[in-house]
> 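Sharing a structure below in structure tokens format, with a few things to ask.
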Amino acid sequence: MYFFNRGIVDDVWMSVSCTNQLCYWDDGKALDYESWAALEPQFEFGKFSQAFAYVLWNTGAYSELNRPLCYAPPHPDVTFIHGDYNYYEASQECYNLGGQLAVFSNPVAVTFLKDFITYETLTGDIWIGLYGNGAYLTWQNMLESVVYTDWKPGQTVPNPVANVSIAVDKVDGTWVSKTKSTRLPHALCQHNYMPMSYSVDYQTAKQDCEMNALELAMLPTNEMFTVAKNAIVYQGMDVNNDFWIGLTSADGISFKWNDGTDLTEAAWIYGEPTSYAINQRVKLVYTKGFDWDNRAATETSLFLCQYPTANHYPISQDIVEGLTAGVSTPTGNTGQWHVGGTNSLKLNKMSTINLKYHPDIESAYAAIRKYELETTSKYILYYREAGFNQKGSVSLVDLDNLDKKKIWWDNHIPFDGIPYCLLGSEVWDCHHGPDRHVNDKKKLVAKKDEMEEEHPYTKNSKKRFLVQSTKKMDCKSQITLKAVVKFPDFKFSGYSQPLDSQVKEHIRELVFDGVRKVSEMKRHLNIFVKRELSLDMPITNRRFHPNERDIRNHMYLALTKTRFSKNDQQNLQCLVRKWEAEYTLDTFFLRLGSDGKQKEKINDDVEEVPQFLFVHQSETQKRLLNIYGQEICLLDATYKTSRYDLPLFLVCVNTNVGYSVVASFIVANENRYTIQEALIKLRDWNPMWKPKYFMCDFDLREIWALEQTFEGLMVYLCDFHREQAWHRWLREIKHDCIDEKDEIKKMLREIADADSAESYANALQQLRSSDIFKAKVSLRNWLENKWLLNCKRWSKLFRNSLFNIRVNTTNGLERQHKELKENYLTEYIDKSLSSMVTSLVTKYLPDSYERYKEYNIQSLDNYRKYSNDVPEFLRSRPRKFVDHCLARIPPAATLIPIENMEEVNHDMLVRSVESDNVYQVRLNDDLPKCSCPDWRKHHWPCKHMLAVMMNMPNKDWNTLPEYYKATPHFNIDFGLLKQTEQKH
């Protein structure tokens with residue numbers, strides 16, 4: 001599939017070697033499958049060859065020249081953490097998040113790293129997981145010398161014996177050495193575990209992990225088990241979810257990991273495993289703190305995948321030692337012994353009633369006794385962990401074992417700011433709870449039956465018959481006592497607390513509802529904590545008041561769960577399929593990108609292998625294009641809309657209420673052929689669209705593509721970008737025009753503003769005869785070969801035939817770019833291509849059309865009554881047109897008396913009030929016109945035309961030609977109003 005998708009037809013070397021027809025993978029392992037062609041193998045080395053649409057294995061001599069196929073292992077997800085860390089603290093923080101400092105051990109991973117940091121705001125260098133272990137430089141968990149490196153130029157390879165660790169330069173992503181005590185503001189954590197969010201049986205879980213080049217999680221050490229649990233919690237999957245892991249048993253007695261290694265360290269639920277059935281599989285059970293239980297393989301559950309790594313333990317041992325060596329214990333009392341009592345009423349939603357702390361075991365038991373009396377209930381001991389000390393004091397044994405305990409913040413008991421260790425626990429069942437001695441009772445009954453068989457004289461003895469045989473009602477109520485040792489000397493205000501599960505769930509819900517800004521999310525969370533949770537927590541309590549970094553991280557995790565695939569292009573492909581089913585009248589085209597050779601360049605890039613292309617047009621965009629795009633449209637590209645260097649092209653029209661985007665496309669390579677291909681798609685989707693003019697920047701690729709796509713089209717240049725191009729070229733020192741730039745631009749503007757053949761010829765002659773033009777060869781070549789050669793594209797003389805002459809710049813389109821980036825794309829923190837297109841298709845474009853509808857409706861006279869000063873013919877018309885006309889009639893403009901107007905041969909001669917100029921006005925010609933500059937500039941009614949229509953007998957708005965009055969820019973979109981009425 002890889003070869004076919006990428007059009008690879010050459011022979012490709014593979015990692016197989018053969019001797020006497022005995023073949024092995026290059027890592028020494030025997031072939032576990034093979035796909036040889038006929039009469040193979042014959043030579044020493046294996047290769048892939050295509051034959052009859054199949055890729056078969058062949059062999060070749062070592063001297064053959066074939067393409068190599070390299071395998072890049074899948075790279076775990078990486079996340080930025082921001083703060084102030086030395087190397088040890090950064091390692092521990094990643095550990096707490098369920099991962100480790102990131103590993104970038106091959107060229108593909110290093111390229112990914114450089115791309116990843118490009119779009120993050122960085123204030124300093126970034127820790128990664130490379131350090132000196134005293135013998136050599138190694139990646140965390142790899143325990144082997146580093147092979148591939150990417151040192152910053154001039155960086156001396158550090159001595160691995162020294163106290164050295166490696167960071168990434170914030171500018172170019174290369175490696176620099178630091179001491180482990182150096183404090184940096186950023187670190188990159190990788191998540192080696194991926195909790196999957198859907199339920200399947202065990203075999204499907206194993207296959208789905210492998211389909212993603214992953215494997216079911218194997219947790220051979222307690223530390224790996226802890227990191228996996230941290231990963232589940234950090235990624236927000238720790239609520240009512242069990243997870244399959246890669247531990248199995250054929251007989252229900254001995255268990256092995258999926259890689260064949262024996263189980264040595266375990267975390268079974270107390271009393272498990274109890275089922276000795278064959279083909280048992282193991283899962284992490286949420287209600288037991290993710291301890292283990294063996295279940296039938298046919299059960300369905302979520303599952304935990306892991307990236308294939310050479311990990312030996314989550315944080316290499318010397319890193320752990322370096323971290324703990326810096327922690328000192330205060331002298332005197334190590335901690336205060338506490339026993340916490342909780343009564344967990346495990347109902348449908350696992351609601352919990354918490355009892356308070358108790359200083360000793362006696363007072364805790366007394367509280368249970370009091371609760372039993374108050375509620376007429378009874379609890380019996382279910383199990384007691386070995387570490388639970390009933391004496392109610394901290395023993396020397398307890399203190400000796402503390403180095404093996406984890407310090408907790410708030411995961412098990414209500415948190416008061418004092419860190420603690422769990423020593424053990426007791427669990428008490430309601431006496432109406434589950435019958436936990438069913439098997440023992442069955443054995444007792446079987447033993448009695450056996451005795452009766454052996455002693456027949458007891459058979460006839462009268463037995464008591466119990467109508468109600470048991471008081472066990474499967475009541476879920478439990479009481480849990482937890483013995484903890486607390487460290488009051490280390491009390492803090494809550495800065496290091498993990499985020500509360502309810503807050504994490506609310507973040508996920510808000511992300512799914514469309515919240516993308518961190519500031520907005522923070523405001524929602526403050527309201528949620530106060531109103532929904534009814535908690536008045538200090539702002540320093542990060543459990544309920546996370547900082548912006550925590551919010552951003554959890555928003556990113558929630559966003560990743562909305563993706564169909566980790567591959568951005570594949571995710572976009574799934575989204576397009578979803579949109580095609582949801583927006584049936586919209587049109588989409590998506591071609592995924594692939595690698596391939598390039599043909600020899602001929603005037604422009606020509607790609608042999610199809611490149612990425614996305615084209616989209618909604619139903620409403622097609623409608624606006626057909627209404628407003630028949631004369632002139634605008635085309636412009638914008639950049640930096642995603643983390644990739646892909647230009648987003650927008651096609652825009654000037655509507656009756658402003659500029660609107662009517663089509664969009666994204667290309668991989670900004671050359672004339674790819675732009676033309678996208679334009680052809682739009683042309684074919686809109687067979688009635690035949691534009692006469694387009695406006696764009698002075699980009700020859702865009703101009704060529706437009707004029708090749710639409711027959712008879714003329715492309716004009718944007719006035720703003722024309723001026724900008726002049727300014728940038730003239731200010732460059734190498735062109736030696738800085739002192740004369742203002743004079744040069746003045747002469748060029750006279751050419752641009754010329755509105756008659758005579759003024760155009762005079763301006764052109766003035767430029768060419770100037771001393772500057774004659775003296776500066778580079779200036780002359782630049783003007784003659786680029787600008788004067790294309791005068792028809794930017795001089796107003798050649799735009800007189802253009803009716804919608806108000807469109808003289810693409811600034812309206814630039815504003816659309818700015819709005820998209822600032823108001824929509826900034827919400828997407830991952831800056832992925834699929835997120836950008838999602839925002840474009842589902843938010844920006846619908847919002848833009850809603851504004852178009854709103855502005856049209858607001859212009860109706862029955863929406864809001866017009867002022868009596870507004871003439872009747874201007875009512876219920878677009879606001880832009882109304883404002884244009886009102887600025888040219890009294891009281892905004894000087895009144896032109898009727899005495900200044902005279903009709904001569906069907907023309908009106910209007911004498912100006914401000915001057916003695918006389919202007920010729922013609923209303924009922926094919927194209928109404930006036931000889932004044934205002935008409936030549938806009939082609940909309942000038943003050944002379946309006947004065948004639950409002951004052952002369954038999955002259956009014958209806959005197960104008962029908963096609964002119966029907967111009968879309970002069971009228972409300974009543975077709976839109978009909979659609980709105982039909983929907984309501």
Side-chain angles (χ1 to χ4, degrees), residues 603-605 613-617 621 624-625 628-641 646-655 658-667 669-683 686 689-729 748 752 785-799 801-821:
N603 298 326
D604 212 329
D605 297 338
L613 177 63
F614 173 78
V615 190
H616 167 248
Q617 192 178 36
Q621 286 180 305
L624 294 182
L625 179 63
Y628 300 102
Q630 298 298 340
E631 186 180 33
I632 185 168
C633 300
L634 295 83
L635 176 68
D636 193 24
T638 185
Y639 303 85
K640 296 184 179 179
T641 56
L646 298 176
L648 168 64
F649 283 85
L650 299 181
V651 179
C652 188
V653 294
N654 185 22
T655 73
Y659 288 89
S660 290
V661 176
V662 291
S664 56
F665 58 91
I666 303 171
V667 297
N669 292 322
E670 193 177 0
N671 60 54
R672 61 180 66 181
Y673 300 105
T674 53
I675 298 173
Q676 183 190 23
E677 182 182 5
L679 291 171
I680 291 174
K681 294 286 183 188
L682 296 175
R683 183 193 65 189
N686 301 273
W689 179 40
K690 301 184 185 300
K692 300 175 183 177
Y693 307 98
F694 247 92
M695 182 169 288
C696 66
D697 303 345
F698 201 160
D699 188 317
L700 295 178
R701 297 167 298 183
E702 296 178 13
I703 295 172
W704 182 92
L706 286 166
E707 294 185 344
Q708 289 293 318
T709 303
F710 299 99
E711 184 178 357
L713 180 80
M714 179 65 181
V715 175
Y716 290 129
L717 301 183
C718 164
D719 290 357
F720 172 78
H721 288 92
R722 180 200 70 208
E723 287 275 345
Q724 187 181 66
W726 290 348
H727 177 74
R728 288 176 177 175
W729 193 93
L748 289 173
N785 298 329
K786 182 172 183 177
W787 292 101
L788 299 183
L789 185 65
N790 291 279
C791 264
K792 291 184 178 181
R793 301 192 188 278
W794 53 275
S795 177
K796 290 182 180 177
L797 171 65
F798 303 100
R799 298 188 188 179
S801 60
L802 175 62
F803 172 71
N804 196 0
I805 202 168
R806 291 169 60 92
V807 180
N808 51 35
T809 176
T810 60
N811 283 356
L813 184 49
E814 293 286 348
R815 287 193 291 272
Q816 302 295 314
H817 291 162
K818 184 177 180 181
E819 181 187 15
L820 173 63
K821 289 181 178 179

> Which pair of heavy atoms, one from Phe649 and one from Ala637, lies closest together, and at what distance?
CE2-CB, 3.5 Å

> Does Arg793 come within less than 4.0 Å of Glu702, counting only side-chain N to carboxylate O?
no

> Are Asp699 and Glu670 close enough, and set up right, to give a side-chain contact (heavy atoms from CB on, under 4.5 Å), and what steps lead you there?
CA-CA 11 Å; Asp699 188 317; Glu670 193 177 0; 4.1 Å; yes

> Judged by atom type as modelled, is there a donor-acceptor pair below 3.5 Å linking the side chain of Asn669 to the main-chain atoms of Asn671?
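Absent.
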
> Is there a side-chain contact between Leu634 and Tyr659 (heavy atoms, below 4.5 Å)?
yes

> To the nearest 0.5 Å, how far apart are CD in Gln630 and CH2 in Trp689?
9.0 Å

> Among Leu625, Leu682, Val662, which residue satisfies the side chain to side chain contact (heavy atoms under 4.5 Å, CB included) criterion with Cys633?
Leu625

> For His616 and Gln621: C-alpha separation, side-chain torsions, deciding distance, then whether side-chain contact (heavy atoms from CB on, under 4.5 Å) applies.
CA-CA 10 Å; His616 167 248; Gln621 286 180 305; 4.0 Å; yes

> For a quick test of reading the model, state the closest non-hydrogen atom pair linking Glu677 to Leu613 and the distance between them.
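Reported closest heavy-atom pair: CD-CD2, 3.6 Å.
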
> Hey, do the aromatic rings of Trp787 and Trp729 have their centres closer than 6.0 Å?
no

> Report the distance from atom CD of Gln676 to atom CD1 of Ile680, rounding to the nearest 0.5 Å.
4.0 Å

> Donor-acceptor check, side chain of Arg683 to backbone of Thr709, threshold 3.5 angstrom: yes or no?
yes

> About how many Å separate NZ of Lys690 and CZ of Phe710, when rounded to the nearest 0.5 Å?
9.5 Å

> Search all heavy atoms of Cys696 against all heavy atoms of Leu635 and return the closest pair with its distance.
CB-O, 3.4 Å

> Rounded at 0.5 Å granularity, tell me how far CG in Leu748 sits from OG in Ser795.
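One gets 11.0 Å once the value is rounded to the nearest 0.5 Å.
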
> Check the angle between the aromatic planes of Trp704 and Tyr673 and answer parallel, tilted or perpendicular using the 30° and 60° thresholds.
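The arrangement is perpendicular - the two ring planes meet at more than 60°.
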
> What do the steps show when you test Leu706 against Leu713 for side-chain contact (heavy atoms from CB on, under 4.5 Å), and what is the final call?
CA-CA 8 Å; Leu706 286 166; Leu713 180 80; 3.8 Å; yes

> Looking at CD1 of Ile675 and CD of Gln708, how far apart are the two atoms once the value is rounded to the nearest 0.5 Å?
13.0 Å

> Is the number of heavy atoms from other residues, nucleotides or ligands within 6.0 Å of NZ (Lys792) greater than 12?
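It does not: Lys792 NZ has 12 such atoms or fewer within range.
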
> What closest approach, in Å, do Pro647 and Tyr639 show between heavy atoms, and which atom pair accounts for it?
CB-CE2, 3.5 Å

> Go through it in stages, so that I can follow the logic: the residues are Phe694 and Ile703, the test is side-chain contact (heavy atoms from CB on, under 4.5 Å), and I'd like the CA-CA distance, side-chain angles, deciding distance and then a yes or no.
CA-CA 9 Å; Phe694 247 92; Ile703 295 172; over 6 Å; no

> Shortest non-hydrogen contact from Ser660 to Leu624?
CB-CD1, 4.1 Å

> Using the ring pair (Phe, Tyr, Trp, His ring centres under 6.0 Å) rule, pick out the option among Phe698, Phe720, Trp794 that qualifies with Trp726.
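Testing Trp726 for a ring pair (Phe, Tyr, Trp, His ring centres under 6.0 Å) against Phe698, Phe720, Trp794 leaves exactly one candidate, Trp794.
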
> With rounding to the nearest 0.5 Å, note down the distance linking CG in Asn654 to CD1 in Ile632.
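Nearest 0.5 Å value for the CG-CD1 distance: 9.0 Å.
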
